[in-house]
Amino acid sequence: MTEAQFAARLIAWQQQHGRKDLPWQQQVTAYRVWVSEIMLQQTQVASVIGYFGRFMQSFPSVQTLAKASDDEVLHLWTGLGYYSRVRNLKKTAHIISEQYGGEFPASVKALAELPGIGRSTAGAILSLAMGLPAAILDGNVKRVLARYSATSGWPGESKTAAILWDLAERFTPTEQTAIYNQAMMDLGATLCTPKLPACAECPVQSGCRAFARGSQSLYPTPKPRKTLPQKRSLMPIFARKDGCILLERRPPAGIWGGLWSLPELDTIEALEPLAQRYALDLGERRALALISHSFSHFRLAIEPWLIEVNESANAVAEDHYLWYDPDNPKRLGLAAPVAKLLKYAAQINRRKAL
DNA sequence: TAGGCGTGGCT
DNA sequence: TAGCCAAGCCT
């Protein structure tokens, strides 16, 4: 099968079986495609749909996003993960409004220089939003191409990535590139799935080297896994009489960067110094059930403590902490397990009030 | 180049 | 249950 035939079959398949009703496929603009592509990085379509709608409701244009506060954007990202995407999103929104007059540049090079946009996301914006010929190489395309060409090697290795990018560039047609790229993603998401691919329905089965050998499950070569380190931390839920709970802002980089969180302690011995810093008188305390939270690179066991406090004046910077009212919550970014704990603590508090 | 960076769904 | 995986990018 020639490269042109491959592309033609994908395009025909897309028109019959592809996805055409995703939110970012309606009222297509570079802005909407860009936001969707950032949200979809390492994140499944089903998870993104709700977030995308709320985001567009609040920030309908690159200018409204550029002017928004960090807390407001992080609030709408809470639970989606990879929060550095938000910092990069805001930086790029600024650059587009200030330096590009509100229009996205129309080249891979210029797009990929923007924070948070790499080669594949640049290709997606160019092809899907602008109709220009540009290749993409996301997880779906990698899987389709690795199987079709029976290419071994983990795609995270530069050598394997170079081979796959070369294939992607060769197969990507200069006409109808948007439909073709969407077809490759949809084929990977619906037929050429990681497990139990539906090869019987595949439009390019006849040229697929993995299918010919019955070795679909060998591609792409999986990432070499190491056992995840296990960490543990204490999270004091300092609750005032009025039900408000102490939150601290996390540093901009690192895990949960820029989000609001409960304080994190290594040991219970660190509780007194922390209480002193905030000038808290500690009352009754009770341990709540352990929470296990899993990240891509470590596992965290959280030991939450609900602690009643009386507060007096302290000298901690105002933008470093706040008293969060669960019954009248401010709009800000919260780490997922912290959001769960706050709900739980509010429940306990409400029961006590009855 | 390898590792940091989240979360939820699925098996 | 525990591991795998998802429309990757940055340092």
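Just so you know, these numbers use all the heavy atoms, side chains as well, and skip hydrogens, waters and symmetry mates. Just so you know, these numbers come straight off a predicted model, no measurement behind them. Chain A is the first sequence line, chain B the second, and so forth, proteins listed ahead of strands; every chain is numbered from 1.
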**Student:** Hey, does A/Leu114 reach any base, or is it just sugar-phosphate, or nothing, if we go heavy atoms under 4.0 Å?
**Tutor:**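 Sugar-phosphate, backbone atoms only, no base.
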**Student:** With sequence neighbours left out, write down each residue that passes salt bridge (charged side-chain N to carboxylate O under 4.0 Å, His left out) with A/Arg286, or none if nothing qualifies.
**Tutor:**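 None.
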**Student:** Walking along DNA chain C from 5' to 3', note the first and the last nucleotide with an atom under 4.0 Å from a heavy atom of chain A, and give both.
**Tutor:**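 With heavy atoms of chain A under 4.0 Å away, the range is C/dG3 to C/dC10.
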**Student:** Just to be sure I understand the geometry, which residues of residues 6-21 of chain A put a non-hydrogen atom under 4.0 Å away from DNA chain B?
**Tutor:**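 Here the set is empty: none.
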**Student:** For DNA chain C, which residues in residues 155-190 of chain A have a heavy atom at a distance below 4.0 Å?
**Tutor:**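 Here the set is A/Gln182, A/Met185.
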**Student:** With Watson-Crick and G-U wobble geometry limited to distances under 3.5 Å, how should the secondary structure of DNA chain C be encoded in dot-bracket form, using | for bases paired to another strand and [ ] for crossing pairs?
**Tutor:** .|||||.||||
**Student:** Suppose we screen for side chain to side chain contact (heavy atoms under 4.5 Å, CB included). Which residues come up paired with A/Ala12, at least two apart in sequence or across chains?
**Tutor:**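 Per chain and number, A/Ala12 pairs via side chain to side chain contact (heavy atoms under 4.5 Å, CB included) with no residue.
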**Student:** So what does A/Trp24 hit on the nucleic acid, given a heavy-atom distance under 4.0 Å: a base, only sugar-phosphate, or nothing?
**Tutor:**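 The answer is base, as A/Trp24 lies within the cut-off (heavy atoms under 4.0 Å) of a base atom.
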**Student:** Rounded to whole angstrom, note down the P distance from B/dG8 over to C/dC9.
**Tutor:**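 My reading of the P atoms in B/dG8 and C/dC9 gives 23 Å.
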**Student:** Contact class for A/Ser120 (heavy atom, under 4.0 Å): base, sugar-phosphate, or nothing?
**Tutor:**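 Sugar-phosphate, backbone atoms only, no base.
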**Student:** For A/Pro105, run the side chain to side chain contact (heavy atoms under 4.5 Å, CB included) check against A/Ile96, A/Ile125, A/Ile95 and tell me which one passes.
**Tutor:**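 Exactly one option meets the side chain to side chain contact (heavy atoms under 4.5 Å, CB included) with A/Pro105, and it is A/Ile96.
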**Student:** State plainly whether the residues A/Lys142 and A/Glu157 are in salt-bridge range, i.e. N to O under 4.0 Å.
**Tutor:**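 A salt bridge is absent here (no side-chain N lies under 4.0 Å from a carboxylate O).
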**Student:** Which residues in residues 75-99 of chain A have at least one heavy atom lying under 4.0 Å from any atom of DNA chain B?
**Tutor:**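 Nucleic-acid contacts, sorted: A/Gly79, A/Leu80, A/Gly81, A/Tyr82, A/Tyr83.
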**Student:** Not counting sequence neighbours, which residues clear salt bridge (charged side-chain N to carboxylate O under 4.0 Å, His left out) with A/Asp266? List them please.
**Tutor:**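 A/Asp266 satisfies salt bridge (charged side-chain N to carboxylate O under 4.0 Å, His left out) with no other residue.
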**Student:** May I ask you to say what A/Ala124 touches in the nucleic acid, namely base, sugar-phosphate or nothing, with a heavy-atom cut-off under 4.0 Å?
**Tutor:**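 Since no nucleic acid heavy atom lies under 4.0 Å of A/Ala124, the category is nothing.
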**Student:** Please identify each residue that fulfils side chain to side chain contact (heavy atoms under 4.5 Å, CB included) with A/Asp166, with sequence neighbours left out.
**Tutor:**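 A/Asp166 satisfies side chain to side chain contact (heavy atoms under 4.5 Å, CB included) with A/Arg170 only.
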**Student:** Does anything in residues 252-264 of chain A reach DNA chain B, meaning a heavy atom under 4.0 Å, and if so which residues?
**Tutor:**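 Listed by number, they are A/Gly254, A/Ile255, A/Trp256.
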**Student:** Between A/Glu308 and A/Arg240, does any side-chain N to carboxylate O distance fall below 4.0 Å?
**Tutor:**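 Salt bridge: no.
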**Student:** Heavy atom of residues 287-304 of chain A under 4.0 Å from DNA chain B: which residues?
**Tutor:**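 When residues 287-304 of chain A is checked for heavy atoms under 4.0 Å from DNA chain B, the hits, listed by number, are A/His293, A/Ser294, A/Phe295, A/Ser296, A/His297.
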**Student:** Quick check on DNA chain C: between A/Gln44 and A/Arg119, whose nearest nucleotide comes earlier from the 5' end?
**Tutor:**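 On the 5' side of the pair lies A/Gln44.
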**Student:** Using a heavy-atom distance cut-off of less than 4.0 Å, which residues of residues 130-152 of chain A contact DNA chain B?
**Tutor:**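 Heavy-atom contacts with DNA chain B come from no residue of residues 130-152 of chain A; none.
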**Student:** Taking syn as within 90° of 0 and anti otherwise, name the glycosidic form of C/dA7.
**Tutor:**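 Base orientation relative to the sugar is syn.
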